[in-house]
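A short worksheet on the structure shown next.
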Amino acid sequence: MSTTTVNGRVESLPDDPDALLIDIVRDRLKLTGTKLVCGAGVCGACTVLVDGAPVASCLMPAHAAAGKSVTTVEAIGASGLHPVQKAFMAHDALQCGFCTPGFIVEATAFCDNWRATRGTAVPSREEIGAALSGHLCRCGAYDGIFRAVADACAGRFDGDHVTAPRIEARDKVTGAAKYTVDIHHDDQLEGLILRSREAHARITTLDLAPARALPGVAAVSLLGDDRIVRYVGEPIAAVAAKDRKSALAALAAIKLTSERLPAVVGLDAGRNDDAPVVFDKASRKRAGNVSEAAGGPAPWKQNIRGPTAVFSTRAKKARNWVDEARQANSKLLVEATFRTATQQHACLEPHAAVARFDGDRLTLHASTQQVFHLKEQIAKRYKLDHDKVRVIADHVGGGFGSKASLGTETIAAIELARARRRRL
């Protein structure tokens with residue numbers, strides 16, 4: 001059996017050729033400062049040092065670390081904060097903090113090499129940018145990050161004293177801050193969601209029995225009453241198992257058949273009079289809201305919903321004003337077609353939830369900025385007394401408006417926890 005050294009301790013490596021270094025760091029060693037985000041080596045959140053060089057642990061096979069020394073963010077500040085960590089704290093070079101450990105690891109390697117070869121010369125913005133080019137910060141703390149790295153390289157944070165505007169800054173620069181994806185209970189299962197490959201279809205059969213027959217697996221349906229999926233990726237079912245590999249096997253065991261329905265792809269196609277109707281009258285009340293606020297009353301015409309009546313008062317009068325302006329060839333009238341791209345919140349921490357029942361009490365760790373609102377929604381949906389529901393969000397890895405409601409991941413986690421409780 002091959003081994004590697006992680007933060008000074010010799011650790012065995014699995015024989016599984018598909019195991020990645022991040023699997024060892026996060027799952028086996030519980031060094032959760034290293035974050036898994038993109039899984040494609042483009043965001044930098046999973047960065048660790050291997051023999052002193054920064055690598056993306058989400059891409060590096062575990063066996064490639066055999067005989068080498070791996071350093072995670074937890075080891076960098078273990079015996080005393082590194083100048084880079086102190087500079088990040090002082091310059092507020094972080095916000096949600098989810099990307100911060102990756103930046104710290106990369107910037108520390110850059111700073112140590114810089115100081116060894118260039119002394120306390122100040123690196124240019126271009127040099128710092130090149131060193132950190134593989135890292136993303138969705139919160140946009142780049143200016144603070146650049147200033148922090150420059151000052152650390154210049155020796156301005158070699159002393160012991162450091163002040164920080166954020167009380168949680170030390171936890172975030174050392175990897176000690178715990179996010180929902182870092183929560184690990186004893187005997188915790190890992191959940192995965194089976195999603196639709198069809199743009200529009202009726203699920204005619206959904207057999208979860210083969211998945212439930214696997215050891216330790218819980219499985220639940222996430223289909224609505226009409227059993228219709230309306231976009232590629234819509235949740236169909238969820239499973240939970242002892243690890244990701246077992247959960248993937250459970251997903252593959254689910255037997256599903258579907259009847260493909262006419263689909264419409266794209267806004268222009270959906271506006272055509274002869275376009276297939278995605279939401280019929282019976283299902284329109286359950287149609288998702290594409291904005292961040294509650295949807296107001298709005299009429300439907302085929303696939304078009306709106307405009308919202310609240311913001312469309314005196315529509316007839318407005319049309320008359322436009323007609324009058326056209327007839328008068330008014331210079332104040334501007335007519336054009338305006339389009340905007342789809343906007344993605346793109347928070348680095350994925351939407352995640354960890355649910356646990358202790359008797360009839362539910363404890364939920366969720367990535368959300370609206371803890372009390374989520375508690376209210378859960379209590380209402382599952383008909384639970386408020387004092388039987390506890391929602392915890394110690395740290396949130398970004399949200400930007402996308403983590404304020406009872407999402408699919410939360411529903412799936414609660415349903416799976418209920419299913420597991422029934423089996424015990």
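Because the structure is predicted, anything quoted here is derived from the model rather than measured.
At least one donor-acceptor pair under 3.5 Å links the side chain of Gln302 to the backbone N or O of Asp273. Counting only distance, with no hydrogens or angles, the side chain of Arg156 and the backbone of Asp151 share no donor-acceptor pair below 3.5 Å. Checking side-chain atoms of Arg390 against main-chain N and O of Thr363 turns up no donor-acceptor pair under 3.5 Å. With Gln85 contributing its side chain and Val173 its backbone, the two residues share a donor-acceptor pair below 3.5 Å. Checked by atom type and distance alone, the side chain of Asp92 never pairs as donor or acceptor with a backbone atom of Gly144 at under 3.5 Å. Although no hydrogens or angles enter the test, the distance criterion places no donor-acceptor pair under 3.5 Å between the side chain of Arg284 and the main chain of Pro299. Between the side chain of Thr34 and the backbone N or O of Cys46, no donor-acceptor pair lies under 3.5 Å. Between the side chain of Arg202 and the backbone N or O of Glu259, no donor-acceptor pair lies under 3.5 Å. Not a single donor-acceptor pair under 3.5 Å links the side chain of His365 to the backbone N or O of Thr180. Looking only at distances, a side-chain donor or acceptor of Asp207 sits under 3.5 Å from a matching main-chain atom of Ala209.
When only modelled atom types and interatomic distance are considered, Ser196 and Glu198 share no side-chain donor-acceptor pair under 3.5 Å. At a cut-off of 3.5 Å, with distance as the only test, no side-chain donor of Lys255 or Thr205 sits close to an acceptor on the other residue. Counting only N and O atoms by type, the side chains of Thr204 and Thr257 include a donor and acceptor under 3.5 Å apart.
Between Asp243 and Glu190, the shortest heavy-atom contact is C-OE1, 4.0 Å. Between Ala152 and Phe157 the shortest heavy-atom distance is N-CD1, 4.4 Å. Between Pro235 and Tyr231, the shortest heavy-atom contact is CD-OH, 3.7 Å. Across all non-hydrogen atoms, the minimal contact from Thr3 to Ser12 is CG2-CA, 4.1 Å. When all heavy atoms of Leu49 and Ala109 are compared, the pair lying nearest together is CD2-CB, 3.9 Å. Taking each heavy atom of Lys172 and Glu168 in turn, the nearest pair found is NZ-OE2, 3.0 Å.
Note on Asp182 versus Arg26: salt bridge recorded, some NZ/NE/NH1/NH2 to OD/OE distance being below 4.0 Å. Using a cutoff of 4.0 Å between basic side-chain nitrogens and carboxylate oxygens, Arg28 and Glu11 are not scored as salt-bridged. Under 4.0 Å is where a charged nitrogen must lie from a carboxylate oxygen, and between Asp360 and Lys388 at least one such pair does.
By the 30° and 60° cut-offs, the orientation of the rings of Phe103 relative to Tyr142 is perpendicular. Ring geometry for Tyr179 against His395 counts as tilted: the plane angle lies between 30° and 60°, on a 0 to 90° scale.
Between atom CD1 of residue Ile128 and atom SG of residue Cys153 there is a gap of 6.0 Å, rounded to the nearest 0.5 Å. Note that CG of Asn303 is 9.5 Å distant from CG of Asn272, once rounded to the nearest 0.5 Å. We find the NE2-OG distance between His200 and Ser258 to be 11.5 Å, quoted to the nearest 0.5 Å. Here the straight-line distance linking atom CZ of Arg147 with atom NE2 of His91 works out to 5.5 Å at 0.5 Å rounding. Of the inter-residue distances, the one linking Thr5 atom OG1 with Lys68 atom NZ reads 12.5 Å to the nearest 0.5 angstrom. Atom CG of residue Leu29 and atom OG1 of residue Thr72 lie 8.5 Å apart, to the nearest 0.5 angstrom.
Each of Lys403, Lys35, Arg138, Lys178 was compared with Glu349 under the salt bridge (charged side-chain N to carboxylate O under 4.0 Å, His left out) criterion, and only Lys403 meets it.
When the shell of 6.0 Å around CG of Asp387 is examined, it contains more than 12 heavy atoms from other residues, nucleotides or ligands. Environment of CZ in Arg170: sparse, with no more than 12 heavy atoms of neighbouring residues, nucleotides or ligands closer than 6.0 Å. For Arg244, the CZ atom is loosely surrounded, since the number of other residues' heavy atoms within 6.0 Å does not exceed 12. The environment of Arg197 atom CZ is sparse: at most 12 non-hydrogen atoms of other residues, nucleotides or ligands sit within 6.0 angstrom. Remark: Ile304 CD1 is packed, more than 12 non-hydrogen atoms of other residues, nucleotides or ligands lying under 6.0 Å away. The environment of CG in Asp160 is sparse: at most 12 heavy-atom neighbours from other residues, nucleotides or ligands sit within 6.0 Å. Environment of NZ in Lys30: crowded, with over 12 heavy atoms of neighbouring residues, nucleotides or ligands closer than 6.0 Å.
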Would Asp23 and Lys245 count as a salt bridge (Lys or Arg N to Asp or Glu O under 4.0 Å) here? Give the steps.
CA-CA 11 Å; Asp23 299 331; Lys245 187 174 183 178; over 6 Å; no

Decide side chain to side chain contact (heavy atoms under 4.5 Å, CB included) for Val239 and Leu194; before the verdict, give the C-alpha distance in whole Å, the side-chain angles of both, and the deciding distance to 0.1 Å.
CA-CA 8 Å; Val239 300; Leu194 176 66; over 6 Å; no

Side chain to side chain contact (heavy atoms under 4.5 Å, CB included), that's the test. Do Cys111 and Val84 meet it? Break it down for me.
CA-CA 7 Å; Cys111 179; Val84 165; 3.7 Å; yes

Going through the checks in order, is the side chain to side chain contact (heavy atoms under 4.5 Å, CB included) test met by Leu132 and Val149?
CA-CA 10 Å; Leu132 303 181; Val149 175; 4.1 Å; yes

Side chain to side chain contact (heavy atoms under 4.5 Å, CB included) for Phe279 and Ile228? Distances and angles first, verdict last.
CA-CA 10 Å; Phe279 287 96; Ile228 293 178; over 6 Å; no

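Side-chain contact between Ile24 and Pro14: present, with at least one pair of heavy atoms (C-beta onward) separated by less than 4.5 Å. For the pair Ile145 and His135, the minimum side-chain heavy-atom distance is 4.5 Å or more. Asn7 is listed as a side-chain neighbour of Thr71, based on a closest heavy-atom distance under 4.5 Å. Between Thr408 and His351, every side-chain heavy-atom pair lies at or beyond the 4.5 Å cut-off. Proximity of Leu374 to Leu364: side-chain heavy atoms (C-beta onward) are separated by under 4.5 Å at one or more points. Counting only heavy atoms from C-beta outward, the side chains of Val37 and Val42 never approach each other to under 4.5 Å. Contact check for Leu20 versus Leu59: no side-chain heavy atoms found under the 4.5 Å cut-off. Looking at Val229 and Leu223, their side chains come closer than 4.5 Å, going by heavy atoms from C-beta outward.
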